[in-house]
Amino acid sequence: MNTNLLQTPIDYLKGVGPNRAEVLRKELGIHTYQDLLNLFPNRYIDKTKYYKINEIQRNTAEIQVIGKITHLKTVAQKRGKRLVADFVDDTGKIELVWFRGHKWLKESLKINEPYVIFGKVNWFNNSCSMPHPDMELLKEHEAGLRMAMQPIYPSTENLSKKGISNKVISKIIQQLFSESKQGFMETLPQSILQELKLVSKSEALLNIHFPQAPKKLALAQYRLKFEELFYIQLQLLIKNLIHKQKIKGFPFTEVGTYFNDFYQNHLPFELTNAQKRVVKEIRRDLGSSAQMNRLLQGDVGSGKTIVALMTCLLALDNNFQACLMAPTEILAIQHYQGLSELCEKLPIKISLLTGSSKTKERREIHESLEDGSLHLLIGTHALLEDKVKFKNLGLAIIDEQHRFGVAQRSKLWHKNTLPPHVLVMTATPIPRTLAMSLYGDLDISVIDELPPGRKAIKTVHRYDSNRLKVFRFIREEIEKGRQIYVVYPLIQESEKMDYKDLMDGYESIARDFPAPTYQISIVHGQMKPADKEYEMNRFVKGETQIMVATTVIEVGVNVPNASVMIIESAERFGLSQLHQLRGRVGRGAEQSYCILMTGHKLSQDSKTRLETMVRTNDGFEIAEVDLKLRGPGDIMGTQQSGVLNLRIADIVKDNEILKTARYYAKKMLTEDPSLKIPDHEVVKNTYRLMGKHKNIWNYIS
Ligand code: ADP
Ligand code: MG
């Protein structure tokens, strides 16, 4: 069947008709023949195995047994009757049970004739039974065309209500196959098929829907997963390529006085090798004529800020302005203070713009931005307001990018004739697998090394019942001059209760750590920004020793003297959040600690999360565990992108296939960028067609 025919509306398929077509469209998004072909089963039931009755275990799911009915009886029960058959083979007996259709069954079931039965087993005490089994006489079973594996398709309640059962779906797919005797058009080039020994498209589709044997099913699955991932990677790579060719950026040819002066005279420490490498990567981007679009990944505390600053200095050296956007006001302020300090000796004008900037300040900022006297603007979302106009914005840096949507990112872009170079910084370590799919169109730099002299944070898990010991430990640390964070969860749905937890916790801490010896800051989401800032600042300046807070402090706050992070109800936090929180400590030279407090009742996942935190400080390792626990859909930033609505591949489990697919996509584009080679024509056509088909490419931002 050729590609045009595959676009035929599903209504035209024999056995479908307008009513069913409507349901298929609504429930499964199936509009065309092609959509139906691409409805892949969720799972398969193995029909190659025949169980002996004495092999049935309590955890056996659906099974197939050969045996005979020896006896049939009707048993009265509270609600109606049930029909019960004794079913035996040479190893034992089970009961078959029916609650409906008794008359017809009694007439048609044959005693002492071999049957093949199939169904789920129920256990009651020590005997097992099978309600409403599928039954087939053995001789018919042997004569008929059997599928080794029975596919189970995705379904919805409405689908089964409207009578579109699994069997019906299987049937209409069968119809589609019988209308396409010549098979289906190949969608991968011969060279790849041969090199990877992939089965043809026709064979893959046949075996995914009607598997002839487990081995053949596996080959079909591999081929289709490869194809799916191959086209996604190809798409991302092409986007990146087009970007590099088409989207011109301002070439920053100069490495001038700002950069050199800072590097030689004011750099407060030696850069780590990772920082040096990343700065080089960025310089290479900026020096070319293409617009930079780079993601900088680095664990909390890895030193992204200094890299950001040096990038800004390159912009300034080339007579451009730069901006740095942070997700929260607190963080913007901290960046402002930190960068101002670092640039103290340089003739640079830096300003801060947030939601709470006064009208007068705003006016000054707007003016100096437009006349070019302001070099570097730091702020929050406020930077995106229409009134904010740069004279010549050459670089936009976005910190903690997962907080910003793609739309916001591009809003900064449109402030210029040419787009500014963009550097996105994130402390959320995205597993490499995922990064490849999510940000395949960005270039990625990684700071995978912490500044020297950092002591690894010691993490422990303590039960609430040990609180007194924990308090004693806090007291000792405070006596040594350290500061302490105590963090409470804040989860939207139970905001009121969380707030109460926070206040109860605060009171109990205030009781054990009384003024005037101890001073406590408190920060939570219901406070006014000004109050938050005031409390935050008291802690930053060391006026308070304890900071009781909800997760508002999660992002970026830097207080090197804080050495203990206590996380209350730690079982309620996700792994990446725990890791982010822990990253608030361990920023100074002192030994730091993270104490995870929980109750005694813990789910298996909570235990795994806590154990992972105790075992490792490595953000990437934690991200991998997180991905395994939660699946890709929940990882930050992935929901809105929808990249992961895959039909058949699984981004976690099919990691190896993904790498292979990316390798081949890259190779093809390197050797034949415009896909001119005849063997690649099929890729070009398939790719084009997918572009028209919004279902497939809806993940393109
Ligand atoms: P993050 O990557 O989390 O934004 P920061 O840029 O805030 O990390 O850096 C964390 C701390 O490490 C800061 O106090 C910073 O001054 C310090 N730092 C960064 N790079 C180095 C380095 N190469 N050597 C020593 N200290 C460094
Ligand atoms: Mg930071």
Side-chain angles (χ1 to χ4, degrees), residues 262-264 266-282 294-313 323-344 376 378-380 397-404 423-430 444-457 483 485 536 539-542 552-563 565 576-590 592 594 617-620 622-623 636:
F262 179 78
Y263 194 78
Q264 278 150 24
H266 306 296
L267 196 63
F269 35 67
E270 164 122 28
L271 294 184
T272 62
N273 285 328
Q275 285 169 322
K276 283 183 193 158
R277 188 187 64 233
V278 169
V279 170
K280 247 190 221 147
E281 286 166 355
I282 291 172
R294 189 169 279 279
L295 177 73
L296 173 55
Q297 283 195 61
D299 216 339
V300 277
S302 62
K304 294 185 290 296
T305 314
I306 199 87
V307 173
L309 174 62
M310 292 171 71
T311 311
C312 290
L313 295 179
C323 71
L324 169 61
M325 189 159 72
T328 65
E329 184 157 355
I330 293 178
L331 194 57
I333 293 168
Q334 216 165 49
H335 273 313
Y336 174 69
Q337 290 167 343
L339 294 186
S340 298
E341 215 168 285
L342 283 167
C343 297
E344 219 171 31
L376 173 56
I378 297 171
T380 55
I397 299 181
I398 303 171
D399 198 10
E400 308 289 350
Q401 80 104 199
H402 61 260
R403 305 269 161 145
F404 291 106
L423 181 68
V424 223
M425 305 197 292
T426 174
T428 313
I430 300 157
I444 300 181
S445 288
V446 183
I447 304 185
D448 49 6
E449 181 187 357
L450 292 181
R454 293 276 170 80
K455 293 200 178 77
I457 302 164
Q483 288 167 286
Y485 289 106
M536 205 55 229
F539 189 68
V540 172
K541 285 191 220 139
V552 289
I553 63 152
E554 182 189 336
V555 174
V557 178
N558 192 15
V559 183
N561 189 48
S563 66
M565 167 63 65
S576 73
Q577 222 179 356
L578 288 173
H579 182 62
Q580 291 280 315
L581 284 170
R582 178 167 62 183
R584 298 306 108 215
V585 298
R587 301 190 149 218
E590 310 303 333
S592 291
C594 175
N617 275 306
D618 179 344
F620 282 101
I622 289 169
M636 279 208 244

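Count residues from 1 along the sequence. Predicted, not measured: the structure shown is a model, and the values here were computed from it. Whatever order the structure lists ligands and atoms in, that order sets their numbers, starting from 1.
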(request) Report the C-alpha distance between Asn617 and Arg582 in whole Å, list the side-chain angles of each, state the deciding distance to 0.1 Å, and finish with yes or no for side-chain contact (heavy atoms from CB on, under 4.5 Å). (result) CA-CA 9 Å; Asn617 275 306; Arg582 178 167 62 183; 3.2 Å; yes
(message) Please state which option from Glu270, His335, Arg454, Arg587 has its nearest heavy atom closest to atom 11 (C) of ligand 1.
(response) Arg454
(request) Using distance alone, decide if ligand 1 has a nitrogen or oxygen within less than 3.5 Å of any nitrogen or oxygen in Gly298. (result) no
(message) Please find the pair of heavy atoms, one from Gly301 and one from Pro451, that lie closest to each other, and give the distance.
(response) O-CD, 3.3 Å
(message) When you measure from the side chain of Gln297 to the backbone of Ile444, do you find a donor-acceptor pair of N or O atoms at a distance under 3.5 Å?
(response) no
(message) Any non-hydrogen side-chain atom of Leu296 less than 4.5 Å from a side-chain atom of Ile397?
(response) no
(request) Please list, chain by chain and in numerical order, all residues satisfying salt bridge (charged side-chain N to carboxylate O under 4.0 Å, His left out) with Glu590, sequence neighbours excluded. (result) Arg482
(message) With heavy-atom distances below 4.0 Å as the criterion, list the atoms of ligand 1 near Ser302.
(response) 2 (O), 8 (O)
(request) From the options Gly453, Gly301, Gly586, Pro560, select the one whose nearest heavy atom is closest to atom 3 (O) of ligand 1. (result) Gly301
(request) Have a look at ligand 1 and work out which part of Thr305, if any, has a heavy atom under 4.0 Å from it: side chain, backbone, both or neither. (result) both
(message) Against ligand 1, does Asp299 come closer than 4.0 Å with any heavy atom?
(response) yes
(request) Just jot down the salt bridge (charged side-chain N to carboxylate O under 4.0 Å, His left out) partners of Glu270, sequence neighbours excluded, or say none. (result) Lys276
(request) Side-chain contact test, heavy atoms from C-beta onward, threshold under 4.5 Å: evaluate it for Lys304 versus Val278 and give yes or no. (result) no
(request) Any atoms of ligand 1 less than 4.0 Å from a non-hydrogen atom of Leu271? List them with their elements. (result) 23 (N)
(request) Run the numbers for me: atoms of ligand 1, each under 4.0 Å from some heavy atom of Gln275, listed by number. (result) 19 (C), 20 (N), 22 (C), 23 (N)
(message) Give the atom numbers and elements of ligand 1 that come within less than 4.0 Å of a heavy atom of Thr272.
(response) 23 (N)
